[in-house]
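Heads up: the structure comes next, in structure tokens.
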Amino acid sequence: MKDKTAPSSSNFIKSIIDNDCNAETFKERRWRGKPGTLSEQQNANIDSAKIRTRFPPEPNGYLHIGHAKSICLNFGLAKEYGGVCHLRFDDTNPSTEESEYVDSIRDSVKWLGFDWGSHEYFSSDYFDQLYKFAVSLITAGFAYVDSLNAEEMREYRGTLTDPGKNSPFRTRSTEENLALFQEMRDGKHTDGIHVLRLKIDMASPNINLRDPVAYRIKHAAHHRTGHAWPIYPSYDFTHGISDALENISHSICTLEFEDHRPLYDWLNQQLFELGFLQEPLPQQIEFARLNLSHVVLSKRKLIQLVKEKHVDGWDDPRMPTLVGARRRGYPAQGLHLFTDRIGVSKADSWIDYSILEDCMRETLNESSLRKVAVLNPIKLIIENFEIDHTEICHAPNHPQKKELGSRDVTLSRELWIEREDFSEDPPKGYFRLFVGNTVRLRYGYVVKCTGFETDERGLVKTVFCECFSDSKSGTDGADNYKVKGNIHWVDAHTSIKADVILYDRLFSAEHPGKDGDFINDLNPKSKTIIEVQVESSTAEAKTGDCFQFERHGYFTADPSSTAQNLVFNRTVTLRDRWKK
RNA sequence: UGGGGAGUAGCCAAGUUGGUUAAGGCACUGGAUUUUGAUUCCAGCAUGCGAAGGUUCGAAUCCUUCCUCCCCAGCCA
């Protein structure tokens, strides 16, 4: 068994943190136990957290596997370095954000096994502070109220190759700016009439530095602050400041924010020089977001799948959301393994979906109890058993973990076996049941196939065999029989019916949407419901229980499952080198 | 065409203050074990680091030129 607790290999972010730790960069930070400005922090004790990271979701959608990479990274780093990771809801846009999402995000992060303790924050916690900073920036000449409309602003911004030009409102007096900003804050203007912009450089080759918007007017109810604010700060204005107030040492985000880093640094630097923030300032570090084949991870597309009912909701087991993965039976540990395995870098790479599935197999193999289920049953009749013959066989609950014990399963004359474990016309290399061949009924006897019967359509209905009475598993005679084939079965009388939902990837295309609408790439066979026969002990399964149905794969009891009507989701199949 | 990034095996990814035979994982291929065609174990797997030049005793690491891919012109994040 490989050591899965070994520390993950080095990456460029760890190198940065190592350097910072060696240089004792963050040694002098003060922390009063909660976020605050320089004046609020400076008399507090030294921050005991070696580093501080944060996971900053916007509460406007459900978390997905891509977020899991970021969550594991941020919380994992904090843990590894003796630091703390904050959970911060980045809620600066009330028109798209809802508390429904806040709850779900909290649940998903917890489910992944992380604990942010008391460090749950909201960007909206800082609205007052942010506003004060904005006023100070106006006073210092670093911000102004612009009254260009959206279209004019776009024109003035220039293009990728042409510099922008200054807005005619750029030279407004401090007094006028202050007065207008106050009016904006007081709700005296309608949406879009004015914005507050940072005064940086309209000719910068970096478009983000061409006087970015810091505040916009938005008469919308916020999920936490209600109608208290008619203006809301932008991401760029909010994020770096929030990081600084929270003493974040390493602000890890995705590659598309690289161009924003000069702005991030500029803003915090101004506020530091104005005496509002303590040094050292947080540093933004960017990594490549996860790209997974056969999957879409954009919020817009995920929402579309739900709204247009291509799936049965956010927690549909085919969804790449964390709630979906959980219902599918993907263990949180499997996601940890996955993020360790794919690594972290700045190279834009695609991970094949099979890597994820392998991680699930690997962790599920360790943890899942074994059960027997016949997914596509046909009858097997042991002809040399009496009609009412019944006996007990012992099946281990885990082949590598004897300590997990075994269970009793009933064997009688009539069994259900898998349709594909019998062949009328066996292909080369087939070593299951065919007339004349010998196989072992797993945990039971070795039998020899003597014949079969078909129904009116010519489909095999019943297979007949003869049992070698001295071959029972666990008895001395068992070893005298060497057979290659080993098939599973359930007793026809004591086994129970269950529903199994077979899931396959949601999209058949490797890169959904690459050749047109991603909806066209939906896999029509991504969900199949079948009725199966499971061994009687499975009746006790509770929601979330994971089993290996031997020779098939891993399955988990769906929330809709009851003792009267068992429902299992197929999490992932077993590897199968024979499958044609 | 401006700016910002990235190119190391089929796929990820270490290494980048120049120094002996270019980590590791996944996949793959052999072999062993196996009452899951599963698991596990062992072995193999880049004369090569996007390309071409150059500097050097020595280059994935330094210099030059070039090529490919990704991101940026929301009052989204």
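The sequence lines fix the lettering, A, B, ..., with proteins before strands; numbering per chain opens at 1.
Only the P atoms considered, B:rG4 is 33 Å distant from B:rU20, to the nearest whole Å. For the P atom pair drawn from B:rA60 and B:rA51, the interatomic distance equals 11 Å after rounding to whole Å. Taking atom C1' on both nucleotides, B:rA13 is separated from B:rU8 by 9 Å, rounded to a whole Å. Between B:rA14 and B:rU61, the distance separating the two C1' atoms is 14 Å to the nearest Å. Taking the C1' atoms as reference points, B:rU40 lies 46 Å from B:rA77, given to the whole Å. Straight-line distance between the C1' atoms of B:rC62 and B:rU17: roughly 11 Å, to the nearest whole Å. As rounded to the nearest Å, B:rU16 and B:rG50 have P atoms that lie 15 Å from one another. When the C1' atom is compared between B:rG58 and B:rU21, the two are found 15 Å apart, to the nearest whole Å.
Taking the six-membered ring for Trp and thresholds of 30 and 60 degrees, A:H552 and A:F555 have ring planes more than 60 degrees apart, a perpendicular arrangement.
The ring-ring contact (aromatic ring centres under 6.0 Å, His included) check on A:F547 picks up nothing, with sequence neighbours excluded. Checked against salt bridge (charged side-chain N to carboxylate O under 4.0 Å, His left out), A:D91 has no partners two or more places apart in sequence or in another chain. For A:R216, there are no salt bridge (charged side-chain N to carboxylate O under 4.0 Å, His left out) partners, not counting sequence neighbours. By the ring-ring contact (aromatic ring centres under 6.0 Å, His included) test, A:H336 is found to be paired with A:F114, residues two or more places apart in sequence or in another chain being considered.
The cationic group of A:K199 does not satisfy the cation-pi geometry with A:F142, failing either the under 6.0 Å distance to the six-membered ring centre or the 45° limit from the ring axis. Annotation: cation-pi geometry satisfied between A:R224 and A:F122 (NZ/CZ under 6.0 angstrom from ring centroid, within 45° of ring axis).
Each of A:F12 and A:D358 was assigned the nucleotide of RNA chain B with the nearest heavy atom; the assignment lying further toward the 5' end belongs to A:F12. Along RNA chain B, the nucleotide nearest A:D162 and the nucleotide nearest A:K472 are compared for position; the residue whose nucleotide lies closer to the 5' end is A:D162.
Across all strands shown, A:G61 has no heavy atoms under 4.0 Å from either base or sugar-phosphate atoms. Nucleic acid contact for A:R261: none, since no nucleic acid atom lies under 4.0 Å from a heavy atom of the residue. Among the heavy atoms of the strands lying under 4.0 Å from A:P399 is at least one base atom, whether or not backbone atoms are also near. Contacts of A:G485 with the nucleic acid, taken as non-hydrogen atoms under 4.0 Å apart, are absent. Nucleic acid contact for A:V483: none, since no nucleic acid atom lies under 4.0 Å from a heavy atom of the residue. At the heavy-atom level, A:S298 lies nowhere under 4.0 Å from the strands shown. Within 4.0 Å (heavy atoms only), A:I342 reaches sugar-phosphate atoms of the nucleic acid but no base atom.
Distance CD (A:E418) to P (B:rU36): 16 Å, rounded to an integer number of Å. Spacing between atom CH2 of A:W578 and atom P of B:rU36 amounts to 17 Å, rounded to whole angstrom units. Here the P atom of nucleotide B:rU40 and the CG atom of A:L574 are 11 Å apart, to the nearest Å. Counting to the nearest Å, the C1' atom of B:rU36 and the CG atom of A:L441 are 14 Å from each other. Here B:rU16 presents its P atom at 14 Å from CD1 of A:I16, a figure rounded to the nearest Å. Nucleotide B:rU33 holds its C1' atom 13 Å from the NZ atom of A:K482, rounded to whole Å. The separation between A:E362 atom CD and B:rC26 atom P is 7 Å, rounded to whole Å. At whole-Å resolution of the value, CZ in A:F287 and P in B:rG4 are 22 Å apart.
Residue pairs meeting the salt bridge (charged side-chain N to carboxylate O under 4.0 Å, His left out) criterion with at least one member in residues 148-161 of chain A, sequence neighbours excluded, do not occur. The stretch residues 181-208 of chain A participates, sequence neighbours left out, in these ring-ring contact (aromatic ring centres under 6.0 Å, His included) pairs: A:Y131-A:F181, A:F181-A:Y215, A:H189-A:H194.
For B:rG74, the glycosidic angle deviates from 0 by 90° or less, giving a syn base.
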**Report entry** Where protein sits on nucleotides 70-77 of chain B, one letter per nucleotide: B base, S sugar-phosphate only, - none, heavy atoms under 4.0 Å
**Finding:** SBBBSBSB
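OP1 or OP2 of B:rG37 lies within a sub-4.0 Å distance of a side-chain N or O belonging to A:R551. Considering only side-chain N and O atoms, A:S349 lies nowhere under 4.0 angstrom from the phosphate OP1 or OP2 of B:rG7. Taking only side-chain nitrogens and oxygens, A:R577 comes nearer than 4.0 Å to OP1 or OP2 of B:rA38.
Salt-bridge check for A:E535 with A:R407: passed, with a basic side-chain N closer than 4.0 Å to an acidic carboxylate O.
Across A:A509 and A:H294, no two heavy atoms sit closer than the pair O-ND1, 3.1 Å.
Helical stems of RNA chain B (runs of at least 3 Watson-Crick or G-U pairs, donor-acceptor distances under 3.5 Å) are listed by first residue: B:2-7 with B:67-72, B:10-12 with B:24-26, B:28-32 with B:40-44, B:50-54 with B:62-66.
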Going by atom type alone, with no hydrogens or angles, which donor-acceptor pairs under 3.5 Å involve a side-chain atom of residues 344-351 of chain A and a protein atom two or more places apart or on another chain?
from: A:S345; atom 1: OG; to: A:A347; atom 2: N; distance (Å): 3.1
from: A:K346; atom 1: NZ; to: A:E258; atom 2: OE2; distance (Å): 2.5
from: A:D348; atom 1: OD1; to: A:N291; atom 2: ND2; distance (Å): 3.0

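With hydrogens and angles ignored, a donor-acceptor pair under 3.5 angstrom links the side chain of A:Q548 to the base of B:rU36.
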